[in-house]
A.B. asks: 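Quick one: this structure, given as structure tokens, is what I'll be asking you about.
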Amino acid sequence: MTVESGRRERKKAATRQKIADTALRLFLERGYDAVGIRDVAAEADVAVTTLFSHFASKEALVFEQDEDFEQRLTRAVTGRAPHEPLIPALRREILALVRHCTAESAAPIWRMIDASPALRKYEESIRLRHADALATVIAADSGLTRSETAARTIARFVIDAYSLAREAADPQAALDEIFPMIEAAWEATRPAPSAGPRTDTA
């Protein structure tokens, strides 16, 4: 990457963050439904077209860390240490994500999301996409030897674990209860060992 292209990328990232921060501030101050895209663009001092070059929809402004969330999940699979079991690696990342999303500073944001049908529907679509991305990297890991169906099932369980823990009074206790069930389900999908050559003569 050249110095100039690096500068452009930093400027682009700064503009995106400015738009997201402005949108969130307006949403929390005035209410999500009371703020329009043009309001956000004007407050952030960018054109509406610039806003849409960074965010595909109004809902996406609230979930601006969506891509980072997905990347962290997939890296928990692809970046884990050699021979590290899958489920503990995923549990560790889910716990970190839940702690981030249940911090006191995040509470007003989640109250806004929970109060908005549009945001709840958008969050559900994000969860499905994250589950698909996670399933893809699990199925592609040659060391895991699981079917695509098993990978998709476990990925859904893991994403649901995040949602359940985020809503629980004690997120870590919830994960402590949920992940042994996920581990058991994962072990149940382990392929049976292939039979060796027969040596009996009976």
A.B. asks: Is the positively charged end of K58 above the ring of Y32, judged by distance under 6.0 angstrom from the centroid and angle within 45° of the axis?
C.D. replies: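 Yes, K58 sits over the ring of Y32.
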A.B. asks: In Å and rounded to the nearest 0.5 Å, what is the CZ to CD1 distance from R72 to I94?
C.D. replies: 9.5 Å
A.B. asks: Start with the C-alpha distance between I182 and L90, add both sets of side-chain angles, then the distance that settles side-chain contact (heavy atoms from CB on, under 4.5 Å), and finish with yes or no.
C.D. replies: CA-CA 10 Å; I182 295 177; L90 285 171; over 6 Å; no
A.B. asks: Report yes if some heavy atom in the side chain of E183 is under 4.5 Å from a heavy atom in the side chain of P88; otherwise report no.
C.D. replies: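 Result yes, sub-4.5 Å side-chain heavy-atom pair found.
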A.B. asks: Would you mind reporting whether V137 and D141 have side-chain heavy atoms less than 4.5 Å apart?
C.D. replies: no
A.B. asks: So for atom CD, which belongs to Q71, do other residues, nucleotides or ligands contribute more than 12 heavy atoms lying within a distance under 6.0 Å?
C.D. replies: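 Count over threshold, so yes.
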A.B. asks: Does a sphere of radius 6.0 Å around CD in E167 hold more than 12 heavy atoms from other residues, nucleotides or ligands, not counting ones at 6.0 Å or beyond?
C.D. replies: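 Enclosed: over 12 neighbouring heavy atoms sit under 6.0 Å from CD of E167.
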A.B. asks: Salt bridge check: are E43 and R25 linked by an N-O gap of less than 4.0 Å?
C.D. replies: yes
A.B. asks: What pair of heavy atoms forms the shortest contact from D39 to A34, and how long is it?
C.D. replies: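 Closest approach of D39 to A34, heavy atoms only: OD2-O, 4.0 Å.
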A.B. asks: Can you tell me how far the CG atom of L128 sits from the CD1 atom of I159, to the nearest 0.5 Å?
C.D. replies: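 The distance works out to 9.5 Å.
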A.B. asks: Within a reach of under 6.0 Å around CD of E187, are more than 12 heavy atoms found that belong to other residues, nucleotides or ligands?
C.D. replies: yes
A.B. asks: Using a distance-only test with no angle check, is there a side-chain donor-acceptor pair under 3.5 angstrom linking H54 and E64?
C.D. replies: no
A.B. asks: State, yes or no, whether a side-chain contact exists between R38 and L51 at a heavy-atom distance under 4.5 Å.
C.D. replies: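 Not in contact.
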A.B. asks: Backbone N or O of I87 within a donor-acceptor pair of the W186 side chain at under 3.5 Å?
C.D. replies: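 Here the side-chain-to-backbone pair does not exist.
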A.B. asks: Is the shortest side-chain heavy-atom distance between T189 and T153 below 4.5 Å?
C.D. replies: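 No, every pair of side-chain atoms sits at 4.5 Å or beyond.
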A.B. asks: With a 4.0 Å cut-off, would you call R120 and E124 a salt bridge?
C.D. replies: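 So R120 does not pair with E124 through a salt bridge.
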A.B. asks: Are the side chain of D66 and the backbone of F63 linked by a donor-acceptor contact shorter than 3.5 Å?
C.D. replies: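 Here the side-chain-to-backbone pair does not exist.
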A.B. asks: Pair F55, R16 - check side-chain contact (heavy atoms from CB on, under 4.5 Å), show working.
C.D. replies: CA-CA 8 Å; F55 297 94; R16 175 186 169 85; 3.6 Å; yes
A.B. asks: Does a donor on one side chain and an acceptor on the other come within less than 3.5 Å for Q172 and D176?
C.D. replies: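 Absent: no donor and acceptor within the cut-off.
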A.B. asks: Ignoring hydrogens, what is the shortest heavy-atom contact between P117 and A115? Give both atom names and the distance.
C.D. replies: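 Heavy atoms of P117 and A115 come nearest at CD-O, 3.6 Å.
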A.B. asks: Can you give me the closest heavy-atom contact between A155 and A131, atom names plus distance?
C.D. replies: CB-O, 3.3 Å
A.B. asks: Quick check for you: to the nearest 0.5 Å, what is the distance between R91 atom CZ and L175 atom CG?
C.D. replies: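 It is 5.5 Å, given to the nearest 0.5 Å.
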A.B. asks: Once rounded to the nearest 0.5 Å, what's the spacing between atom CG of D33 and atom CG of L119?
C.D. replies: 8.0 Å
A.B. asks: What do you reckon, are the aromatic ring centroids of F69 and Y162 less than 6.0 Å apart?
C.D. replies: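 Centroid distance F69-Y162: below 6.0 Å, so yes.
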A.B. asks: Report yes if some heavy atom in the side chain of S163 is under 4.5 Å from a heavy atom in the side chain of R127; otherwise report no.
C.D. replies: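 Side chain of S163 against side chain of R127, heavy atoms only: contact under 4.5 Å found.
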A.B. asks: Please report the shortest heavy-atom distance between I138 and A151, naming the atom on each side.
C.D. replies: CG2-CB, 3.7 Å
A.B. asks: Would you sort out whether R75 and E70 count as a salt bridge (Lys or Arg N to Asp or Glu O under 4.0 Å), showing the intermediate values?
C.D. replies: CA-CA 9 Å; R75 281 199 303 266; E70 185 172 304; over 6 Å; no
A.B. asks: Treating R80 as the side-chain partner and V77 as the backbone partner, does any N or O pair qualify as donor plus acceptor under 3.5 Å?
C.D. replies: yes
A.B. asks: Between CG of L61 and CG of L24, what distance do you get to the nearest 0.5 Å?
C.D. replies: 9.5 Å
A.B. asks: Are D45 and K18 within salt-bridge range, i.e. N to O under 4.0 Å?
C.D. replies: no
A.B. asks: Run L73 and L97 through side-chain contact (heavy atoms from CB on, under 4.5 Å) and show every step you take.
C.D. replies: CA-CA 9 Å; L73 280 174; L97 289 167; 4.1 Å; yes
A.B. asks: Begin from the C-alpha positions of I113 and Y122 and carry the test side-chain contact (heavy atoms from CB on, under 4.5 Å) through to its verdict.
C.D. replies: CA-CA 9 Å; I113 292 169; Y122 188 81; over 6 Å; no
A.B. asks: Is a side-chain N or O of R146 found less than 3.5 angstrom from the main chain of L144, in a donor-acceptor match?
C.D. replies: yes
A.B. asks: Give a yes or no answer on whether the side chain of S116 reaches the backbone of M112 with a donor-acceptor pair at less than 3.5 Å.
C.D. replies: no
A.B. asks: Measure the CD-CG distance between E177 and L164 for me, rounded to the nearest 0.5 Å.
C.D. replies: 10.0 Å
A.B. asks: With no hydrogens and no angle check, just 3.5 Å: does a side-chain donor-acceptor pair link T102 and R166?
C.D. replies: no
A.B. asks: On a heavy-atom basis, which atom in A165 and which in P171 lie closest, and how many Å separate them?
C.D. replies: O-CB, 3.4 Å
A.B. asks: Measure across V35 and V40 and return the closest heavy-atom pair with its distance rounded to 0.1 Å.
C.D. replies: CG1-CG2, 3.8 Å
